[in-house]
Amino acid sequence: MREEYQPIFGYSIDGDRYLNITNRCTLQCEHCPKFSGDWGFANHNLRLLREPTVSELVDAVGNPSVWNEVVFSGFGEPTLRLYDVLEVSRRVHERGGRVRLETDGLANLFFGRDITPDLEGNVDTLVVGLKAHNSEAYERLCRPKMGHAYEAVLDFTERARNFVPKVVVTAMSGVPDVDLEACRDIARRLDVGFVSRAIRHNC
Ligand code: SF4
């Protein structure tokens, strides 16, 4: 019998509510499990046969005030749907919730303008995937679809500090090519937080 497709638009981990907004990416990371057909994370299949609407995302949140944070994350880059992210975030805040945006930091490059002022009042925590300690390692591991991507991530992070109360960059642990201490130094220079993450973590 054919298995019925059950879309997962929202799921919970440790008091956070995660929204699965898109499977599209501006990176093509060599370690990404989705390229080998593995869409599993936290016991959910995050493959989307269609992207959820704003209403479906708001429904997937439920009452935002019961969550630590509502998190835009998953096997895709949320800012590719920036205006929908902002609309859902506005509604989350209206009802007393907090928002965390997990991003590859390439939105300014993608949109061709500085979008960081749009985050003000909409995003409480911004997690940017620095991924690696220099552009050579980043290009090799993440295979960005646009040029000068690593420099764009650094610039985005620096600008976002002016508009988002808490900014953190992440780098991949367990990858020989990635110098975590150098990544930590970059975070220090940018005056933002730092977290290393296992590559199996969804991004
Ligand atoms: S690891 Fe994340 S950013 Fe990289 S291709 Fe996969 S989903 Fe996209």
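All ligand and atom numbering here is 1-based and tracks the order in the structure. Please read these numbers as outputs of a predicted model, since none were measured by experiment.
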Report task. State if L27 counts as touching ligand 1 under the rule of any non-hydrogen atom under 4.0 Å. Result -> yes

Any N/O/S atom, side chain or main chain, of C32 closer to atom 6 (Fe) of ligand 1 than 2.8 Å? yes

If the plane angle is over 60° it's perpendicular, under 30° parallel, otherwise tilted; pick one for F75 and F41.
perpendicular

Report task. State, with a plain yes or no, whether a side-chain heavy atom of T125 is found less than 4.5 Å away from one of P165. Result -> no

Is any NZ, NE, NH1 or NH2 atom of the basic residue among R24 and E51 found under 4.0 Å from an Asp or Glu carboxylate oxygen of the other? yes

Numbered in order shown, the ligand 1 atoms found under 4.0 Å of a heavy atom of C25 are 3 (S), 5 (S), 7 (S), 8 (Fe)

Donor + acceptor pair across side chains of Y18, R100 (<3.5 Å):
yes

Looking only at heavy atoms, the pair that brings A107 and I115 closest together is CB-CG1, 3.7 Å

Quick note on ligand 1: atoms under 4.0 Å from a heavy atom of F75 include exactly 7 (S)

Logged contact type for C29 with ligand 1, heavy-atom cut-off 4.0 Å, is both

Atoms of ligand 1 under 4.0 Å from any heavy atom of G76, numbered from 1 in the order shown, are 7 (S)

